[in-house]
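In what follows, a single structure is set out as structure tokens and then discussed.
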There are 2 protein chains.
Amino acid sequence: MSAGTLPSPGPGRPRSVEAHRAILDATLELVAEVGFDQLSVARVARRSGVSKATVYRRWPSKLPLVIEAFSELPTLEAPDNGNLVDDLIALLRQFAEILRDTPLARVLPVLAGECAHDPELSALLAPQIKARRAPLIQALERAVSRSELPPDIDLEASVDVIMGPLVTRMLFTGAEIEPDNVRRFVEAALFGINRLRSD
Amino acid sequence: MSAGTLPSPGPGRPRSVEAHRAILDATLELVAEVGFDQLSVARVARRSGVSKATVYRRWPSKLPLVIEAFSELPTLEAPDNGNLVDDLIALLRQFAEILRDTPLARVLPVLAGECAHDPELSALLAPQIKARRAPLIQALERAVSRSELPPDIDLEASVDVIMGPLVTRMLFTGAEIEPDNVRRFVEAALFGINRLRSD
DNA sequence: TAATATCGATACTATGCGCCTCGTTAATTG
DNA sequence: CAATTAACGAGGCGCATAGTATCGATATTA
């Protein structure tokens, strides 16, 4: 799935897996330190102890590299607590931790903004976004199967209602998100989800 | 308030107001066309028919320029319909129109991501964000004064709950936002706002 | 008219981009 | 054990951009 590692089936020197990881790690470090705009392929190569050409052999440009590095960031793991509220609280607490501990909050908005002009990159980023939303979709589906939610609910819109407040909060106000706030946001969202019928 | 126009109080040739507008317009055009990463001061100068030095005389770098151009984008105008639902629907419809007709959706996430590494720029962007949220805050305050909402409501969090779903929807899924969806999102959010007490 | 400050144009160094060549190194295949 | 194959590091190349500096021309105030 990763663009950089097309394992060589035939003879010849194989691509270094260590270099691959070093490049992605350096990319994430540098994005966190200096931001996307100041990031350059040459800097990534220097930081990862790899030749500049090696990076270009695997990724055509800076953006796909950052997208793949982004895909290496931790994703949500969906626990099955038997009820929707606890599932959502657990998921959003994980999300808040990831936002606090990784450069996700710095990478994702920039990628989203840049992909608006590049359908190719958008096609690269879209499945990543979808994969990160999947655990929430599944938690909602389990709630539907338990009749906690009506069967005709709009799952995608529900995910937006649940994640949206936290995302905007950390994006534009830069506010810290505490566990108590997570519970309040979940409850706030849940009171409205029933209105999000699909028809 | 704008960084570029410090009107000359004494003698000497004053700064061209036309050039100022041309530069900001060209910046917005180029951001919409090629994105923030591909944007360069030289391109802005060429597009606006202005010398490169003129741009540097007014803005120290690319980011403050884009931030000021961003501040020129239309803001929300708060109507007073006498009830909260209609106020919010009107505001969010305006917001959806702005997202559709201007490069706001492409500029804002990139700025937010870049400002995460630069406190100086963050200080430049923060008041712009606050000003754009103000009409929603005012609509909520009117609702409180009409006893539509409890007086101890968390206004900022309420704004996040109302705007968040739309913002994430247009940011990460790129979905079109139709007027009907706006009404549903407003209703979805309103059912939960009462839980957002400030204590 | 004199003083002042911005203007366009241009040159300048430094750096990044993306591509390329080259000799070297590490794996598969016979 | 050789021969083949492919990725490797090092480094050069042309081009574009960043940001600064200089210059004479121009527009405004005193």
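So that the names make sense, note that chain A is the first sequence line, chain B the second, and so on, each numbered from 1. FYI, side chains are in, hydrogens and waters are out, and symmetry mates aren't considered; it's all heavy atoms of this structure.
- Considering only the side chain of B:Y56, D:dT20 comes nearest among D:dT20, C:dT6, C:dA27.
- Considering only side-chain N and O atoms, B:R57 lies nowhere under 4.0 angstrom from the phosphate OP1 or OP2 of D:dA21.
- No donor-acceptor pair closer than 3.5 Å links the side chain of A:D86 to the backbone N or O of A:N81.
- The pair B:R142-B:E148 does not count as a salt bridge, with every side-chain nitrogen at least 4.0 angstrom from each carboxylate oxygen.
- Evaluation of atom-type donor-acceptor distances gives a pair under 3.5 Å for the side chain of B:R13 against the base of C:dT6.
- B:A19 comes within 4.0 angstrom of nothing in the nucleic acid, heavy atoms only.
- For A:R132 and A:F70, the positive end sits near the middle of the six-membered ring, less than 6.0 Å away and at most 45° from its axis.
- Atom CG of B:L65 and atom P of D:dA18 are 11 Å apart (whole Å).
- With rounding to whole Å, A:L63 atom CG is found 14 Å from C:dC17 atom C1'.
- With hydrogens and angles ignored, no donor-acceptor pair under 3.5 angstrom links the side chain of B:K52 to the base of C:dG8.
- B:S40 has no side-chain polar atom (N or O) that falls below the 4.0 Å cut-off from OP1 or OP2 of D:dA16.
- Heavy-atom distances under 4.0 Å link DNA chain C to B:V50, B:S51 of residues 41-51 of chain B, given in residue order.
- For the pair A:E156 and B:R169, the salt-bridge criterion is not met [side-chain N within less than 4.0 Å of a carboxylate O].
- When atom types are taken as modelled, the side chain of A:H20 and the backbone of A:R15 share no donor-acceptor pair closer than 3.5 angstrom.
- Residues of residues 31-39 of chain A having a heavy atom closer than 4.0 Å to DNA chain D: none are found.
- In this structure, A:R15 atom CZ and C:dT28 atom C1' are separated by 17 Å, rounded to whole Å.
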Salt bridge (Lys or Arg N to Asp or Glu O under 4.0 Å) evaluation trace for B:E97 with B:R93: CA-CA 6 Å; B:E97 286 172 13; B:R93 281 194 179 146; over 6 Å; no
Verdict with reasoning, B:E114 to B:K62, per salt bridge (Lys or Arg N to Asp or Glu O under 4.0 Å): CA-CA 12 Å; B:E114 293 298 332; B:K62 176 171 94 173; over 6 Å; no
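- Residue A:E18 contributes atom CD, which lies 14 Å from atom C1' of C:dA27 at whole-angstrom precision.
- Following chains of ILVMFWY side-chain contacts shorter than 4.5 Å, one can reach B:L155 starting from B:V85, so the two form part of one hydrophobic cluster.
- Between A:S61 and the phosphate of C:dG18, there is no side-chain N or O to OP1/OP2 separation shorter than 4.0 Å.
- Atom CD1 in B:I23 sits roughly 13 Å away from atom P in C:dT6 (whole-Å rounding).
- B:T102 places no side-chain N or O within donor-acceptor distance of the main-chain N or O of B:L99, the cut-off being under 3.5 Å.
- DNA chain C is contacted by both B:T54 and A:K62; B:T54 maps to the nucleotide lying nearer its 5′ end (nearest heavy atom per residue).
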